[in-house]
Amino acid sequence: MQQQLRYAIILIAVVLFPVKLLAQKEFYTPKSLLIPLHDQKNQLHVSFGRGGGYDFNLSYAFSNKLALFSAATFDSDTKKRISILGDRYNVDRNDYVLKGGLGYFANTDKPVFPIMEVYVGAGITKVDNYWHFTGNTDGEVTQAQYWSLFGQFNAGKRMAKSEYGLGLRFTYSQYTDFNFYDTYSISKKSSYKNLTGLTADPVISAGYTLYGVNINAQLGVAIPLIAPSVERTDTHTAYEGSSEISTLNHSQEEVRLYSVIGRLALQYKLNLHKKR
C-alpha cells in the first residue's frame, strides 16, 4: 500500500509540471484517457480534474457489460513555458474538447489486471492560442479545429483504498481548420489544408481513496504513427496605395501530432444498485 501511494505521489508531481519537459506550439491537444474501471451494472463514475485545462468526465454502466461516457475539457488560461534553450514564454489559451462514446467491460480471473475495458468514441477540439516570450507582447497566433475518432483498451485493478490501470488509445484526427500567423508581421498568414494524423496514446494511472474520493493521477504521451505530407499555404499581403495585393505560396510539409498527456483528478464511483 505504501509503495502504491509513493507511485501516486510521483505521478502527481510529474502531472503538475509536465510543461517543463516539452515546449511546443501546441496545435495538437489530446486529453487524458477515460479509465473508470467499471465492474458492475448501474455504476456511475464521475471525475473532475486538471490536465490541459479543467475537465469533467462521466460514465455509466447501463448493463453488466456496456457503458456510455462523455467528457468535456475547457482551457482558458495562461501557461508558463520554458524552451529547450531556457527562454521563458507564455501561451494564452482558449480551447475546448468535447467527446463521448460507448464502452465494454469485463471481470476476469487475472490477479494483476482483473478488469478489462474497451472504448470507442469521437470528439471535437478547438484550439485558439497565442504564445509570446515573457515581457514581449508580440508572438504567434494559432487557430485550429479538428475532429477525432478513437479506440481504447484499459486494464486495471481496484482495491479497498487504491487502484491502478494501464490504457492504450489509438486516435485518428482530421483538421478542418488550421491557420497561424505572427504579430510581428501580420502581412503573412499561413494555413495547412487537410492535415490528418494517427497517434498511439499509452498512459499509466494510479489512485488512492480518501474519505470515499479517489485521488487519481495519469501520465502518458501521444506518439505519432503517421506523418503525411500536407499542403501549406503562405499568403503575403502588400499594399500599393489603396490597392491590396495578395501573393500565395504553396509548399508541402510533414506535420507530426505529438504531446505529453497528464492529469490530476478527483474521482467518485456510485453504485446505484447493489450487485446481486
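Residue indices begin at 1 and follow the sequence shown.
A heavy-atom distance below 4.5 Å is found between the side chains of K126 and D128. Between R158 and K269 there is a side-chain heavy-atom pair separated by less than 4.5 Å. Between P224 and Y28, every side-chain heavy-atom pair lies at or beyond the 4.5 Å cut-off. With contacts defined as side-chain heavy-atom distances shorter than 4.5 Å, the pair S190/N179 does not qualify. No side-chain heavy atom of D92 sits less than 4.5 Å from a side-chain heavy atom of N94. Side-chain contact between N216 and S205 is present, with at least one heavy-atom pair separated by less than 4.5 Å. Looking at M116 and F153, their side chains come closer than 4.5 Å, going by heavy atoms from C-beta outward. Counting heavy atoms from C-beta on, the side chains of L102 and L68 come closer than 4.5 Å.
Residues V120 and L149 do not share a hydrophobic cluster, defined by chaining ILVMFWY side chains whose heavy atoms lie under 4.5 Å apart. Both L225 and L168 belong to a common hydrophobic cluster when Ile, Leu, Val, Met, Phe, Trp and Tyr are linked at side-chain heavy-atom distances under 4.5 angstrom. L270 and L58 end up in the same hydrophobic cluster when Ile, Leu, Val, Met, Phe, Trp and Tyr side chains are linked at under 4.5 Å. V260 and I223 fall into different hydrophobic clusters, defined by Ile, Leu, Val, Met, Phe, Trp and Tyr side-chain heavy atoms under 4.5 Å apart, directly or through other members. Hydrophobic clustering, with ILVMFWY side chains joined whenever heavy atoms are under 4.5 angstrom apart, keeps V221 apart from I261.
Checked for salt-bridge contact, D77 and R50 meet the test: a charged N lies under 4.0 Å from a carboxylate O. In summary, D55 and K31 do not engage in a salt bridge, as defined by a charged side-chain N under 4.0 Å from a carboxylate O. Checked for salt-bridge contact, K193 and E231 miss the test: no charged N lies under 4.0 Å from a carboxylate O.
Remark: side-chain polar atoms of S63 are paired, donor with acceptor, to backbone N or O of L66 under 3.5 angstrom. For T199 (side chain) and D201 (main-chain N/O), no donor-acceptor pair under 3.5 Å exists by modelled atom type. Formation of a donor-acceptor pair under 3.5 Å by the T142 side chain with backbone atoms of N129 is not found in this model. No side-chain donor-acceptor contact under 3.5 Å links Q43 to the backbone of N271. Of the possible polar contacts, one joining the N107 side chain to the D39 backbone as a donor-acceptor pair under 3.5 Å is found. Of the possible donor and acceptor atoms, none in the side chain of T233 sits under 3.5 Å from a partner among the backbone N and O of H250. Checked by atom type and distance alone, the side chain of E117 pairs as donor or acceptor with a backbone atom of H38 at under 3.5 Å. Using a distance-only test at 3.5 Å, with no hydrogens or angles considered, no donor-acceptor pair links the side chain of Q218 to the main chain of I204.
In this structure, the separation between CG on N154 and CZ on F105 is 12.5 Å, given to the nearest 0.5 Å. Note: Y211 OH to Y268 OH = 15.5 Å, rounded to the nearest 0.5 Å. With rounding to the nearest 0.5 Å, the separation of CD1 in I35 from OH in Y119 is 9.5 Å. In this structure, CG on L219 lies 11.5 Å from OG on S32, to the nearest 0.5 angstrom. Put simply, OG1 on T29 and CG on D95 are 5.5 Å apart, with the number rounded to the nearest 0.5 Å. Taken from OG in S191 to CG in D177, the straight-line distance is 8.5 Å, to the nearest 0.5 Å.
Applying the ring-ring contact (aromatic ring centres under 6.0 Å, His included) criterion to F133, with sequence neighbours excluded, gives W131. Residues passing the ring-ring contact (aromatic ring centres under 6.0 Å, His included) test with Y96: none are found, sequence neighbours excluded. With sequence neighbours excluded, the residues satisfying ring-ring contact (aromatic ring centres under 6.0 Å, His included) with H132 are Y130.
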Discussion item. N194 vs Y175, test: side chain to side chain contact (heavy atoms under 4.5 Å, CB included). Steps then yes/no.
Written reply: CA-CA 6 Å; N194 298 326; Y175 281 77; over 6 Å; no
Fill in: Check against side chain to side chain contact (heavy atoms under 4.5 Å, CB included), R88 and K80
CA-CA 7 Å; R88 296 180 180 273; K80 306 294 183 180; over 6 Å; no
Practice prompt. Take N90 and T78 through the side chain to side chain donor-acceptor pair (under 3.5 Å) test and state the conclusion after the steps.
Written response: CA-CA 6 Å; N90 298 337; T78 298; over 6 Å; no
Fill in: Derivation of the side chain to side chain contact (heavy atoms under 4.5 Å, CB included) call for V141 and T183
CA-CA 8 Å; V141 176; T183 58; 4.3 Å; yes
Practice prompt. Mind running side chain to side chain donor-acceptor pair (under 3.5 Å) on Y208 and E163 for me, showing each step along the way?
Written response: CA-CA 7 Å; Y208 183 79; E163 67 178 51; over 6 Å; no
Discussion item. Evaluate F178 against Y146 for ring pair (Phe, Tyr, Trp, His ring centres under 6.0 Å), listing each step before the verdict.
Written reply: CA-CA 9 Å; F178 196 148; Y146 63 89; 9.1 Å; no
Practice prompt. Decide yes or no on side chain to side chain contact (heavy atoms under 4.5 Å, CB included) for E253 and Y192, but give the supporting numbers first.
Written response: CA-CA 9 Å; E253 287 189 10; Y192 289 120; 2.6 Å; yes
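One side chain, Q252 or S229, offers a donor N or O that lies under 3.5 Å from an acceptor on the other.
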List, one per line, each side-chain donor-acceptor pair under 3.5 Å for residues 69-76, sequence neighbours excluded.
from	atom 1	to	atom 2	distance (Å)
D75	OD1	K79	NZ	2.5
D75	OD2	K79	NZ	3.1
D75	OD2	R93	NE	3.3

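When V203, N57, L33 are each tested for a side-chain contact (heavy atoms from CB on, under 4.5 Å) with R263, only one passes: N57.
Between F170 and A200 the shortest heavy-atom distance is CE2-CB, 3.8 Å. Nearest heavy-atom pair, P111 versus K157, reported as atom, atom and distance to 0.1 Å: O-NZ, 3.2 Å. Residues G123 and K99 approach most closely at CA-CB, 3.7 Å, considering heavy atoms. Of all heavy-atom pairs spanning Y181 and K188, the tightest one is CB-O, 3.6 Å. P30 and S259 get closest at one heavy-atom pair: CD-CB, 3.6 Å. Minimum interatomic distance between L257 and S173 (heavy atoms only, all atoms of both residues): CD1-CB, 4.1 Å.
Grouping Ile, Leu, Val, Met, Phe, Trp and Tyr residues whose side-chain heavy atoms lie under 4.5 Å apart, directly or via other members, leaves V97 alone, with no other cluster members. Y54 forms part of a hydrophobic cluster together with F48, judged by ILVMFWY side-chain heavy-atom separations under 4.5 Å.
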